[in-house]
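Below is one structure, written out as structure tokens; comments come after it.
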Amino acid sequence: MGELTEYERLISIRIMQEDAESIYSLLKTERDSIFAMEIIPYYALFVHSCQEYMGENLLPESIAKDLKDIRNHIKTYADGFGKSQRRVSTVDDAQDRVFKEQLRFEFLKKINVHLNLGTYWTEERQVIGNTQQLADFLSVESMFDSKIKEKNYQMGYHIGSFVASFRDGLADSLSYPVIERKRQLISINYYCDINTNKKNNLLSKGQKKEINLFYLHLLCSMNFVKYILRPLFQDGNIWTFRVEYIVSYYTLRALERLKNYTENNKDITIETKEIHDILKQGELLFTTKLRNCMMHYNLENAGVISFENIDKPFYGIIENCFDGKSYQEYLIELHRLSDMIIDFLNNQFDFFDVKLERL
């Protein structure tokens with residue numbers, strides 16, 4: 001057992017090193033401002049989980065706290081749906097007040113001419129982000145706050161410094177992993193701004209605003225991974241696999257909470273069969289044993305490493321959790337589940353008449 005425990009420790013460190021190298025690769029090449037905002041929660045997850053594994057905080061206390069809070073937002077909508085609905089509504093109200101206050105004349109504030117939600121899109125008309133979700137995840141009360149620029153600079157500086165120091169600190173004992181990229185310098189060029197309190201072409205007319213925004217936030221997270229993050233790397237990259245797993249898992253949990261809520265309350269009506277099918281498929285992929293080592297780096301005594309599978313992709317973790325199923329087979333099934341979730345969320349909207357503008 002002692003020898004296996006040592007291997008588990010070394011593999012934990014190697015996976016952290018591989019994730020650091022993937023993130024470092026993005027930090028060197030990607031300059032798009034929307035991408036930079038969207039990716040921060042996953043950088044925060046890496047930094048927090050590394051420090052958790054090491055048992056010490058290497059960052060200024062305020063930065064460490066901000067990153068922990070941002071990291072926790074990844075699973076925000078997996079809480080009970082009543083809580084998620086209130087959160088969505090609170091953020092919408094806050095953004096409404098912020099943008100309304102920017103109007104110069106008082107009478108304009110009463111006639112809803114302002115815009116309070118911005119959405120970001122790919123050239124193929126896939127929505128991959130929105131300003132209300134970003135304000136929530138990054139704890140931005142007002143983008144007009146003069147302190148925001150310095151706060152974001154400090155956060156970016158400390159994330160970059162941590163990643164660079166971490167990879168350099170291991171370089172003397174472990175060779176740098178090779179990270180294969182398919183694309184660089186990704187650019188997000190399209191947007192659509194709306195007022196969520198008025199009739200618009202973005203939100204579904206037959207559903208409550210809070211449900212529309214709830215679905216939109218989930219769809220943006222899923223689409224960002226599928227259409228922006230995954231295409232940057234060769235398929236099979238471990239860090240993007242971990243991100244897709246985590247985002248898909250917590251999106252699935254959010255839909256489960258919504259389904260449970262509608263079955264016990266009458267204020268919202270939705271068709272739950274598709275959600276039931278998604279949950280059934282998810283049960284086959286999201287086992288407790290695997291989930292614990294996807295959110296955390298400590299593999300010691302986790303029961304996911306064995307000598308017979310240690311040389312396989314992702315160190316045989318998938319084979320040990322799923323009776324010999326290969327990493328590539330599991331990856332295909334995860335992509336398929338992600339597509340099921342995205343299809344369901346897309347079907348809650350009719351984006352055909354949404355008019356996109358170029359940034």
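- Linking ILVMFWY side-chain heavy atoms closer than 4.5 Å, directly or via other members, places L174 and F162 in a single hydrophobic cluster.
- No single ILVMFWY cluster, assembled from side-chain heavy atoms under 4.5 Å apart, contains both Y157 and Y43.
- By the 4.0 Å N-to-carboxylate-O rule, K226 lies close enough to D339 to be salt-bridged with it.
- When all heavy atoms are compared, the tightest approach of G282 to L252 is CA-CD1, 3.7 Å.
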Exercise. Could you walk me through whether Y190 and R358 pass the side-chain contact (heavy atoms from CB on, under 4.5 Å) check?
Worked result: CA-CA 5 Å; Y190 294 90; R358 192 170 182 88; 2.7 Å; yes
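- Separation of the W239 and F46 ring centroids does not fall under the 6.0 Å cut-off.
- To the nearest 0.5 Å, the span separating CG on L337 from CG on L284 amounts to 9.5 Å.
- Electrostatic pairing of E283 and K280 does not count as a salt bridge here, judged by no charged N lying under 4.0 Å from a carboxylate O.
- Between C192 atom SG and L202 atom CG the span is 5.5 Å, to the nearest 0.5 Å.
- The pair K68-E52 does not count as a salt bridge, with every side-chain nitrogen at least 4.0 angstrom from each carboxylate oxygen.
- Exactly one of S175, P177, S12, S173 qualifies for a side-chain contact (heavy atoms from CB on, under 4.5 Å) with Q17. That residue is P177.
- Using modelled atom types, one finds no donor on one side chain facing an acceptor on the other under 3.5 Å when comparing H217 with D136.
- In this structure, the side chain of S89 does not engage the main chain of Q85 through any donor-acceptor pair within 3.5 Å.
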For this session: Let me see the working for V354 and V127 under side-chain contact (heavy atoms from CB on, under 4.5 Å), right down to the final yes or no.
Result: CA-CA 11 Å; V354 173; V127 60; over 6 Å; no
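- For the pair N116 (side chain) and Q95 (backbone), a donor-acceptor distance under 3.5 Å is absent.
- T288 is listed as a side-chain neighbour of R291, based on a closest heavy-atom distance under 4.5 Å.
- Looking at K259 and E263, a side-chain N of the basic residue comes within less than 4.0 Å of a carboxylate O on the acidic one, giving a salt bridge.
- By the neighbour-count criterion of 12 heavy atoms within 6.0 Å, atom CD of E123 is sparsely surrounded, having that number or fewer from other residues, nucleotides or ligands.
- S306 and E319 share no side-chain donor-acceptor pair at under 3.5 Å.
- Checked by atom type and distance alone, the side chain of D353 never pairs as donor or acceptor with a backbone atom of N201 at under 3.5 Å.
- A donor-acceptor pair is defined here as one N or O able to donate and one able to accept, closer than 3.5 Å; such a pair exists between the side chain of E329 and the backbone of S326.
- Rounded to the nearest 0.5 Å, atoms OG1 (T262) and CD1 (I270) are 4.0 Å apart.
- Not less than 6.0 angstrom separates the ring centroid of Y330 from the ring centroid of F314.
- Counting only distance, with no hydrogens or angles, the side chain of S25 and the backbone of E21 share no donor-acceptor pair below 3.5 Å.
- We find the CZ-CD distance between R9 and E6 to be 4.0 Å, quoted to the nearest 0.5 Å.
- A donor-acceptor distance shorter than 3.5 angstrom exists from the side chain of N200 to the backbone of L203, with no hydrogens or angles considered.
- Note: the hydrophobic cluster containing I268 also contains L345 (ILVMFWY, side chain heavy atoms under 4.5 Å, direct or indirect links).
- Between D277 and K273 there is a salt bridge, since a side-chain N of the basic residue sits under 4.0 Å from a carboxylate O of the acidic one.
- N320 places a side-chain N or O within 3.5 Å of a backbone atom of V304 that can act as its donor or acceptor partner.
- Neither side chain, R257 nor S84, offers a donor N or O lying under 3.5 Å from an acceptor on the other.
- Environment of NZ in K205: crowded, with over 12 heavy atoms of neighbouring residues, nucleotides or ligands closer than 6.0 Å.
- D19 contributes atom CG, which lies 13.5 Å from atom CZ of R167 (distance to the nearest 0.5 angstrom).
- Under the 4.5 Å side-chain heavy-atom criterion for grouping Ile, Leu, Val, Met, Phe, Trp and Tyr, L279 is connected to L285 within one hydrophobic cluster.
- Under a 3.5 Å cut-off, the side chain of N212 and the backbone N or O of Q207 do form a donor-acceptor pair.
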Problem set entry | T76 vs Y250, side-chain contact (heavy atoms from CB on, under 4.5 Å): CA-CA, chis, key distance, verdict | CA-CA 8 Å; T76 290; Y250 284 112; over 6 Å; no
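- When only modelled atom types and interatomic distance are considered, N197 and K209 share a side-chain donor-acceptor pair under 3.5 Å.
- Residue-environment remark: CD (E308) exceeds the threshold of 12 foreign heavy atoms within 6.0 Å.
- The heavy-atom pair separating L229 from F233 by the smallest distance is O-CD1, 3.8 Å.
- Both I34 and I70 are assigned to one and the same hydrophobic cluster, defined by single-linkage of ILVMFWY side chains at heavy-atom distances under 4.5 Å.
- When side chains are defined from C-beta on, Y53 counts as touching E300, because their heavy atoms get closer than 4.5 Å.
- No side-chain heavy atom of E38 sits under 4.5 Å from any side-chain heavy atom of C220.
- Looking only at side-chain heavy atoms (C-beta outward), Y215 and F344 come within less than 4.5 Å of each other.
- Side chain of T122 to main chain of E124: a donor-acceptor pair is present (N/O by atom type, distance under 3.5 Å, no hydrogens or angles).
- Atoms CD and CD1, from E30 and I23 in turn, are 13.5 Å apart once rounded to the nearest 0.5 Å.
- Remark: the backbone N or O of D235 is not paired with any side-chain donor or acceptor of T240 at under 3.5 angstrom.
- Comment: E333 does not engage R336 in a salt bridge, judged by the lack of any side-chain N to carboxylate O separation of less than 4.0 angstrom.
- Residues meeting the salt bridge (Lys or Arg N to Asp or Glu O under 4.0 Å) test with R230, sequence neighbours left out: E244.
- Taking the six-membered ring where the residue is Trp, the centroids of Y7 and F307 are separated by under 6.0 Å.
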Exercise. Where do I40 and M155 land on the side-chain contact (heavy atoms from CB on, under 4.5 Å) test, with the steps shown first?
Worked result: CA-CA 9 Å; I40 284 178; M155 185 179 300; 4.1 Å; yes
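- Contact of the V140 side chain with the L134 side chain is not registered, since no non-hydrogen atoms from C-beta on lie closer than 4.5 Å.
- With hydrogens and angles left out, the side-chain atoms of N57 and Q51 include a donor and acceptor closer than 3.5 Å.
- Taking a 6.0 Å sphere around NZ of K312, one finds it holds more than 12 heavy atoms contributed by other residues, nucleotides or ligands.
- You'll find the side chain of T29 stays beyond 4.5 Å of the side chain of L232, heavy atoms only.
- Under the side-chain contact (heavy atoms from CB on, under 4.5 Å) rule, T5 has a single partner from L10, I305, N301, which is N301.
- With 3.5 Å as the limit, one finds a donor-acceptor pair spanning the side chains of Q132 and D92.
- In summary, the side chains of D168 and Y176 do present a donor paired with an acceptor at a separation below 3.5 Å, with no hydrogens or angles considered.
- Side-chain contact check for L356 versus Y191: every heavy-atom pair is 4.5 Å or farther apart.
- For K182 against P231, the heavy-atom pair with the smallest separation is CB-O, 3.5 Å.
- Classification of the Y249-Y245 ring pair by plane angle, with boundaries at 30° and 60°, yields parallel.
- With 3.5 Å as the limit, one finds a donor-acceptor pair spanning the side chains of Y261 and D267.
- I246 places none of its side-chain heavy atoms less than 4.5 Å from the side chain of Y42.
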